[in-house]
Protein chains: 2
Amino acid sequence: MDKPLPCTLCTLRPLPGFKPAREGELAFIARRKVGQLRVRAGAGVISEGGADDRIYTLLAGWAFRYKSLPDGRRQILNILLPGDIIGLQAELLDAMAHGVEALTDVSLCVFARDMVWSVFRVHPALALDLTWLAAHEERLVDDAILSIGRRTALERVAALLVHLYKRAVASGLLDGGSVPFPLTQAHIADTLGLSVVHTNRTLQRLRRAGLADTAGGRLVLGDLRGLRRVAQYWEQPAPPRPLF
Amino acid sequence: MDKPLPCTLCTLRPLPGFKPAREGELAFIARRKVGQLRVRAGAGVISEGGADDRIYTLLAGWAFRYKSLPDGRRQILNILLPGDIIGLQAELLDAMAHGVEALTDVSLCVFARDMVWSVFRVHPALALDLTWLAAHEERLVDDAILSIGRRTALERVAALLVHLYKRAVASGLLDGGSVPFPLTQAHIADTLGLSVVHTNRTLQRLRRAGLADTAGGRLVLGDLRGLRRVAQYWEQPAPPRPLF
DNA sequence: AGCGGACCCTATCACAGGTTAATGCGCAAC
DNA sequence: GTTGCGCATTAACCTGTGATAGGGTCCGCT
């Protein structure tokens, strides 16, 4: 639990990727932020199947959603960046069907337990925003299925790198031509349904081709257009997103 | 366009899998049903990237959501059964990121264009139900990612069959120990990220093991428990779902 | 009856990607 | 400075799955 940042001073909201808050709604949200939580890199935020029914917003840092099979094989569903909501599914459905783990040290805004229902009751436009976020996350997952199911390893890795690069840039993380990249090769493998060894081979092909480099915890794209072509990745416009 | 069924006489709602409507809400929904649409097996309901912003509920028949790569490889994201909503993402995000195609002849309830927003404005509890459906669909997609990314072909096919069997039963389709099964092996392949040939091999392994048979457009599970074990599939409780 | 088209099935071959195991490197702990 | 650990890297080998090609059956159409 670290020093809470009041929502009125939110460092995320001014970013170009986020929609400005409407009249009165920011205050409404601020009133329901009950604290702030810090989680260390590698630690769990929500455990698979757990019944933690709090709602969080990722304020700073990276995390990921995952599911696993009984025998331990793990699949990462989705990478979470600042502004993403955590725990909405658990609130709506009854149990959490997936776990969430911090990739870097992470700060989370913690919201009151009745947050969701009160949003729906008193601020329909905000409720629509919440549903927008859910639909948006589903779209990401849809894209992931397409990758894992139908792209080759090389295409998958290329598509993931382009995708994460874009999102990191939108989160204001671009610095000197590169963005932070806290995923290990094991994370990439778990995201793309590959083995670690083959992920390594594939990253090297991209590196040697001058397309992308993930060394030193940072991601540099040497040739964005070329990477996109390799990935068969076509741009989707990204409208500003709501923030809680 | 066939003879519209009034929502008050809905054939789906009485099924045990669906939540009864609350006071006043059924009338509200009924008022916004503007028609009924019939789509032949194999025809498209919504085209990928299309801007059709209407909302449908699948009233009868099977359909599926899919995405494809520029070069034609196709991935099925999700099988749709009666009660599923179609077009919610297009309404919220701006374009439809996926297509929808009918698997059998299909009947759809067509809703007024302002349906979503009016639900949020005047019936918060219904709005929450809508979001519940979105979260529930995302859960299905999460499960699919886990399958495609981390299960072997045999496990994938087994898991899919168990899953569809369960859903078909919940839709009241069980008849004499089997349920209808309108997917061709090509559909299964596109759902699981496999080739048609390997899908065929795998189905036969299951058939010879006495676990499952998909012949003749019907699905018979010879040994549900055994199939679950093969699939590493653990049951999730299915609470009754809302219906529009 | 004959034809064509879906769909299912089988066999063979090739290769992408998995598995296992060992090495190296940087870095924190002591 | 040694030890240990996490992560990236390589190599050798193996296998699950894909690609291609063909045959069979059923069914609707003319």
Side-chain angles (χ1 to χ4, degrees), chain A residues 40-43 69 71-76 101-105 147-161 180-208 212-220 230-232, chain B residues 40-43 69 71-75 101-105 147-158 160-161 180-208 212-220 230:
Chain A
R40 314 308 309 254
L69 289 173
D71 69 1
R73 281 173 282 174
R74 182 175 76 167
Q75 175 67 38
I76 293 180
E101 188 176 312
L103 213 42
T104 63
D105 288 357
S147 263
I148 303 176
R150 288 304 182 208
R151 278 194 248 246
T152 66
L154 189 69
E155 292 165 345
R156 279 181 228 185
V157 174
L160 179 68
L161 296 183
F181 192 77
L183 312 217
T184 67
Q185 298 186 357
H187 289 125
I188 300 178
D190 280 349
T191 305
L192 300 178
L194 298 171
S195 68
V196 178
V197 174
H198 198 63
T199 301
N200 182 289
R201 289 196 271 256
T202 309
L203 282 169
Q204 294 192 46
R205 278 178 68 191
L206 291 176
R207 187 175 315 146
R208 296 209 180 99
D213 194 339
T214 61
R218 301 198 62 90
L219 171 62
V220 188
V230 166
Q232 303 231 39
Chain B
R40 314 309 309 255
L69 289 173
D71 69 2
R73 280 172 282 174
R74 182 175 76 166
Q75 176 66 40
E101 187 176 312
L103 212 42
T104 64
D105 288 357
S147 264
I148 302 177
R150 288 303 182 208
R151 278 194 248 247
T152 67
L154 188 69
E155 293 165 345
R156 277 181 230 186
V157 174
L160 179 68
L161 296 183
F181 192 77
L183 312 216
T184 66
Q185 298 187 355
H187 289 125
I188 300 178
D190 280 348
T191 305
L192 299 178
L194 298 170
S195 68
V196 179
V197 174
H198 198 63
T199 300
N200 182 290
R201 288 196 270 257
T202 309
L203 282 169
Q204 294 194 45
R205 279 178 69 191
L206 290 177
R207 187 175 314 146
R208 297 206 179 103
D213 195 339
T214 61
R218 301 199 62 91
L219 170 63
V220 187
V230 166

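Reminder, nothing fancy here: chain letters follow the sequence lines and each chain counts from 1.
Secondary-structure stems of DNA chain C, taken as three or more successive Watson-Crick or G-U wobble pairs (i with j, i+1 with j-1) under a 3.5 Å distance threshold, comprise C:1-30 with D:1-30.
The shortest non-hydrogen separation linking A/T199 to A/Q185 is CG2-O, 3.8 Å.
When each of A/T184 and A/R150 is assigned the nucleotide of DNA chain D with its nearest heavy atom, A/T184 is the one assigned upstream, toward the 5' end. Two residues, B/H187 and B/V197, neighbour DNA chain C, and the one matched to the more 5' nucleotide by heavy-atom proximity is B/H187.
Regarding contacts with the backbone of D/dT9, a side-chain N or O of A/Q185 is found under 4.0 angstrom from either OP1 or OP2. For the OP1/OP2 pair of D/dT9 and a distance below 4.0 Å, the side-chain nitrogens and oxygens of A/R207 include at least one atom meeting the criterion. One finds a side-chain N or O of A/Q204 lying less than 4.0 angstrom from the OP1 or OP2 phosphate oxygen of D/dT10. One finds a side-chain N or O of A/N200 lying less than 4.0 angstrom from the OP1 or OP2 phosphate oxygen of D/dT9.
Inter-residue side-chain proximity for B/N200 and B/V196 is flagged as unmet; no heavy-atom pair is nearer than 4.5 Å.
Across all strands, A/L203 comes closer than 4.0 Å to no nucleic acid atom at all (heavy-atom distances). Within 4.0 Å of A/T202, counting heavy atoms only, lies no atom of the nucleic acid at all.
When distances are taken from the side chain of B/H198 to each of D/dT17, C/dT10, C/dC8, the shortest belongs to D/dT17.
Taking 3.5 Å as the limit, the base of D/dG18 and the side chain of B/R201 contain a donor-acceptor pair of atoms between them.
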From CA spacing to verdict: side chain to side chain contact (heavy atoms under 4.5 Å, CB included), A/V157, A/L192: CA-CA 7 Å; A/V157 174; A/L192 300 178; 3.6 Å; yes
